Amino acid sequence: MAPRSQPVSVVTGGAGFLGSHLIDRLLGEGHRVIAIDNLITGNTANIGHLAGNENFHFIKHNVSNFIFVPEEKIDYVFHFASPASPIDYLELPIPTLKVGALGTHNTLGLAKNKKATFILASTSEVYGDPLEHPQREDYWGNVNPIGPRGVYDEAKRFAEAITMAYHRYHRVDTRIVRIFNTYGPRMRLRDGRVVPAFIGQALRGEPLSVFGDGSQTRSFCYVSDLIDGIFRLAMSDFHEPVNLGNPQEMTIKKFADEIIRIMGTKSVVEYKPLPVDDPKVRQPDIGRAKKILGWEPRVSFEEGIKATIEYFKESLNR
Ligand code: UDP
C-alpha cells in the first residue's frame, strides 16, 4: 500500500513503447505505479529493469474486459493500451477496436470509481487524411470509417467522445492527448512503423522500403519530449484535446535519405505501394500545448535518431 501522500497511477499498455517510458517518468516523480498490459504488442522486456521496485506492480490483463484493481486510492489512470502501428491494425482489427472502445469505457469506469484523473492517449489519426494543414485541435478530421485504418481511427474518436461524456455527465476529471508520430528506444524493430523499419533495414544492409513516391510527410517527436508533455498535461486542469508532437515536418523520402546519411549505410531506397488511406501530410499545430503547458520539443531530430539507432543496434546484438 502507498502512503496516503504518495500519488498512485495506473498505466494501461504499461509494457508498451510509450507506456513503459511514462512509467519511468511517473516513478521518477515519486508515484507508485500499477501497470496493466495483455502483452499482445507490449513486451515485459520494456519494464524488466523495474523488477523488484517496490513502487511498481504489474498486472497481466486485457483491459477490454472488466478491470479490478484492489488499491483503494488511485490518483491517475493513464489509458495507453492499444495496438499502434498500421501493420498491427491490419493483424488485430478487432482487439484494436475493442481496446479503444471497451477498454476506454472500462478505464473510465475505474477512474470514476476511484475518483482518479483520467488521461486518454488519443492520436493524430483522429484527423485521418487531413484537409487542413497543420492540424489544430479544432479541426474535426477526414476519416474513412470503413478503411483498414478505420479500426484505430474510429476507436480513438469514440474514445475521445466517451471521455468527454464521462467528463460532462459523470464529472470525471479527464485529459485527452493527441499524440503525433513519436519514436525512440523500445519501439519494436518489426512493428512496421517507418522509424524502426528504416533503421532495421539500414542495419541489415537491406533497401529502405519507401511507400508510394515518398512525398507524404510526417513530423517526428522524440519520446522523452512527448512524455514530458503528457506529464505536464496530466498535472494541468485542461479538459479539451491537446496535440503533442514535433512540428518539424519532412517527406518520407527525405527521412529515408537522412537515415542513410546518419547511419553511413550503402542501403538504397526501394519504392513500394502506398498503403490504403495513408495520410498525405501530418504536422501538429502545438500552439495550445505551448500556451497551456509551456511545452515544446527540445530534442533535435539528429540527437533523437542517433539514440534510437544505438538502441536498435544493441537489441540486434542481444
Ligand atoms: N512508410 C514507408 N515505409 C515503411 C513504413 C512506413 O514509407 O517501411 C511510410 C508510411 O506509408 C507513412 C509513413 O511512412 O506514410 C509513416 O508510417 P508509420 O507506419 O510510421 O505511421 P503512420 O504515420 O502512417 O501512422
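Whatever order the structure lists ligands and atoms in, that order sets their numbers, starting from 1. A quick note: this is a predicted structure, and the numbers were derived from the prediction, not measured.
- The shortest N or O to N or O distance between Pro279 and ligand 1 is not below 3.5 Å.
- Of all the heavy atoms of Arg218, the ones lying under 4.0 Å from any atom of ligand 1 belong exclusively to the side chain.
- Contact analysis leaves Ser85 out of contact with ligand 1, as no non-hydrogen atom separation drops below 4.0 angstrom.
- A salt bridge does not link Glu303 with Arg298: none of the charged nitrogens is closer than 4.0 Å to a carboxylate oxygen.
- Ring geometry for Phe180 versus Tyr127: interplanar angle of 30 to 60°, hence tilted.
- Considering only non-hydrogen atoms, atom 6 (C) of ligand 1 lies nearest to Val194 out of Ile252, Thr217, Val269, Val194.
- Using a cutoff of 4.0 Å between basic side-chain nitrogens and carboxylate oxygens, Lys156 and Glu125 are not scored as salt-bridged.
- Distances below 4.0 Å separate heavy atoms of Asn181 from the following atoms of ligand 1: 21 (O), 22 (P), 23 (O).
- The distance criterion of under 3.5 Å between nitrogen or oxygen atoms is not met by Gln201 with respect to ligand 1.
- Just one of Asp88, Asn46, Asn43 meets the side chain to side chain donor-acceptor pair (under 3.5 Å) condition when paired with Arg188; it is Asp88.
- Ligand 1 has at least one atom lying under 4.0 Å from a heavy atom of Phe198.
- In the vicinity of Ala197, heavy-atom distances shorter than 4.0 Å reach the ligand 1 atoms 8 (O).
- When non-hydrogen atoms are compared, ligand 1 lies under 4.0 Å from the backbone of Arg193 as well as from its side chain.
- When hydrogens are left out, the protein atom nearest atom 15 (O) of ligand 1 is Asp278 OD1, 2.7 Å; that is the closest non-hydrogen contact.
- In terms of protein heavy-atom proximity, atom 1 (N) of ligand 1 is nearest to Phe211 CD1, 3.4 Å.
- Remark: ligand 1 atoms within the under-4.0 Å shell around heavy atoms of Val210 are 7 (O).
- Side-chain contact check for Ser209 and Gln201: at least one donor-acceptor pair (N or O, by modelled atom type) lies under 3.5 Å.
- Closest to atom 3 (N) of ligand 1 among all protein heavy atoms lies Ser209 O, 2.5 Å.
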inquiry  = Evaluate Tyr76 against Leu26 for side chain to side chain contact (heavy atoms under 4.5 Å, CB included), listing each step before the verdict.
reply    = CA-CA 10 Å; Tyr76 301 93; Leu26 294 170; over 6 Å; no

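- Close approach to Glu125 involves these atoms of ligand 1, each under 4.0 Å from a residue heavy atom: 25 (O).
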task = Let me see the working for Asp153 and Arg157 under salt bridge (Lys or Arg N to Asp or Glu O under 4.0 Å), right down to the final yes or no.
result = CA-CA 6 Å; Asp153 302 9; Arg157 288 168 70 96; over 6 Å; no

task = Could you walk me through whether Asn106 and Val63 pass the side chain to side chain contact (heavy atoms under 4.5 Å, CB included) test, one step at a time?
result = CA-CA 7 Å; Asn106 289 333; Val63 296; 5.6 Å; no

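- Atoms of ligand 1 lying under 4.0 Å from any heavy atom of Arg149, numbered from 1 in the order shown and given with element: 22 (P), 24 (O), 25 (O).
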task = Please test Phe118 against Thr107 for side chain to side chain contact (heavy atoms under 4.5 Å, CB included), starting from the C-alpha separation and ending with a verdict.
result = CA-CA 8 Å; Phe118 178 81; Thr107 48; 3.3 Å; yes

task = Kindly determine whether Asp285 and Tyr139 satisfy side chain to side chain contact (heavy atoms under 4.5 Å, CB included), including the steps that lead there.
result = CA-CA 11 Å; Asp285 180 317; Tyr139 175 50; over 6 Å; no

